[in-house]
Amino acid sequence: MNFFKPRNELGLTRIENGELITGGLGYDGAMTTVTKISKWPYFAGVAFGGGAYFEAEISFDPERVNLREGVWPAWWSLTLESILEVPETFWRGQPPGYFNTIEVDFFEYDLQGSRLRTRNQYGAGIHHWYGTRGMCPKTPLCGHGSPYASGIQTGPSDIDWMKFHKFGALWIPATADRPGSMTFFLDGKQSNQSITWTMFKDEPPPPTSKTPWAFGPLDSLHLILVLSSGKSSPIRVRSVEVWQTDDSRNIRH
């Protein structure tokens, strides 16, 4: 598995003692498992489908995090289909350009600016992005997210983020007789309750807390893994690993 280097205009992304260090303004510091190219199939790399356990070993300095930069220490994912804007990313039965896509955040150190969260807490969760561009005024697309309470992950009160910690996520796709789920882990221990859903069968929008299929579209899509952080607080990454019982549903080029 390769990660693709960002524009790196600030020169913050580098390998040091066998560890990746990355950060930047906007998405200049984002390392991804897929990059767009100009010729068919218009991407290079790998996107993961059909379920997996994802884990990254990361350290960072929490005192340097500046939420005003709009980028913070994060390990997350978005779908290949949404990046390429292929037919699979659009909601069947809706007007042209009506998106139906998923973002999974395995780790985001962005809670300290809200609701008096403490330094040992971070965010993790799922977003279902949908609609046409401009349909919802405050975000590029309309969105439905997993419950806020289940998104707050809490480490030990004395946790030292300057040391390496393993941030994991187990994705199990839904079947006809079993719900799908996403479960987050910190250093091998489950960090909050699982997020669950039923199979998505092209139900009409919008997804809400009352639609059990709200995150079901994930199971037919393919995740691009992303490591990113801000200019003030680069992250250090020692390893990224993906375990799958079957990789036949991955897409590579």
Enter the distance from [X]:[atom1] to [Y]:[atom2] here, rounded to the nearest 0.5 Å.
X	Y	atom1	atom2	value
Thr154	Asn120	OG1	CG	6.0 Å
Ile21	Phe60	CD1	CZ	14.5 Å
Arg14	Thr22	CZ	OG1	9.5 Å
Trp76	Glu108	CH2	CD	8.0 Å
Thr79	Ile224	OG1	CD1	7.0 Å
Ile58	Lys166	CD1	NZ	12.5 Å

Mind listing the closest non-hydrogen atom pair of [X] and [Y] along with its distance?
X	Y	value
Ser82	Thr101	CB-OG1, 3.4 Å
Gly125	Ser146	CA-OG, 3.5 Å
Arg178	Pro173	NH2-O, 2.8 Å
Ser229	Pro73	OG-N, 3.2 Å
Ala214	His144	CB-CD2, 3.8 Å
His128	Trp213	CE1-CZ3, 4.3 Å

Using modelled atom types and a 3.5 Å cut-off, is there a donor and acceptor pairing between side-chain atoms of [X] and backbone atoms of [Y]?
X	Y	answer
Trp161	Arg119	yes
Glu69	Ser232	yes
Gln190	Thr183	no
Glu81	His222	yes
Asp105	Ala124	no
Thr89	Val86	no

Enumerate, atom names and distances included, each donor-acceptor pair closer than 3.5 Å involving a side-chain atom of residues 31-42, sequence neighbours excluded.
residue : atom : partner : partner atom : Å
Thr32   : OG1  : Val34   : O            : 2.6
Thr33   : OG1  : Val46   : O            : 3.0
Thr33   : OG1  : Leu225  : N            : 3.1

If you define the side chain from C-beta out and look only at heavy atoms, does anything of [X] sit under 4.5 Å from [Y]?
X	Y	value
Tyr122	Ser191	yes
Phe107	Gln153	no
Phe200	Leu218	no
Phe184	Asn192	no
Tyr98	Met135	yes
Trp75	Ile235	no
Glu88	Asn100	no
Ile15	Leu20	yes

Indicate, with yes or no, if [Y] and [X] share a hydrophobic cluster defined by side-chain heavy-atom contacts under 4.5 Å among Ile, Leu, Val, Met, Phe, Trp and Tyr.
X	Y	result
Val242	Leu227	yes
Val226	Ile251	yes
Tyr109	Ile159	yes
Leu78	Leu141	no
Val65	Phe106	yes

Any chance you could lay out the side chain to side chain donor-acceptor pair (under 3.5 Å) test for Asp160 and His165, step after step, and finish with the verdict?
-> CA-CA 9 Å; Asp160 183 358; His165 294 278; over 6 Å; no
Parallel, tilted or perpendicular: which fits the ring planes of Phe48 and Phe54, with parallel below 30° and perpendicular above 60°?
->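 Phe48 and Phe54: perpendicular rings.
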List the steps, then state whether side chain to side chain donor-acceptor pair (under 3.5 Å) holds for Thr139 with Trp129.
-> CA-CA 10 Å; Thr139 54; Trp129 298 109; over 6 Å; no
Can you tell me if Ser194 and Ser181 form a side-chain donor-acceptor pair at under 3.5 Å?
->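 No donor-acceptor contact under 3.5 Å links the two side chains.
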Name all pairs fulfilling the side-chain hydrogen bond (donor to acceptor under 3.5 Å, both in side chains) condition that reach into residues 57-66, sequence neighbours left out, sorted by first residue then second.
->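 Found Glu57-Arg238, Glu57-Ser239.
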Verdict with reasoning, Glu203 to Thr211, per side chain to side chain donor-acceptor pair (under 3.5 Å) | CA-CA 9 Å; Glu203 289 90 346; Thr211 54; over 6 Å; no
Kindly state whether the ring of Phe90 and the ring of Phe99 have centres lying under 6.0 angstrom apart.
->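 Distance test on ring centres: under 6.0 Å, yes.
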Evaluate the criterion side-chain contact (heavy atoms from CB on, under 4.5 Å) for residue pair Val240 and Glu55; output intermediate values, then yes/no.
-> CA-CA 6 Å; Val240 175; Glu55 186 177 86; over 6 Å; no
Kindly indicate, with the supporting measurements, whether the criterion side-chain contact (heavy atoms from CB on, under 4.5 Å) is fulfilled by Glu16 and Arg236.
-> CA-CA 9 Å; Glu16 186 176 283; Arg236 187 179 291 266; 3.2 Å; yes
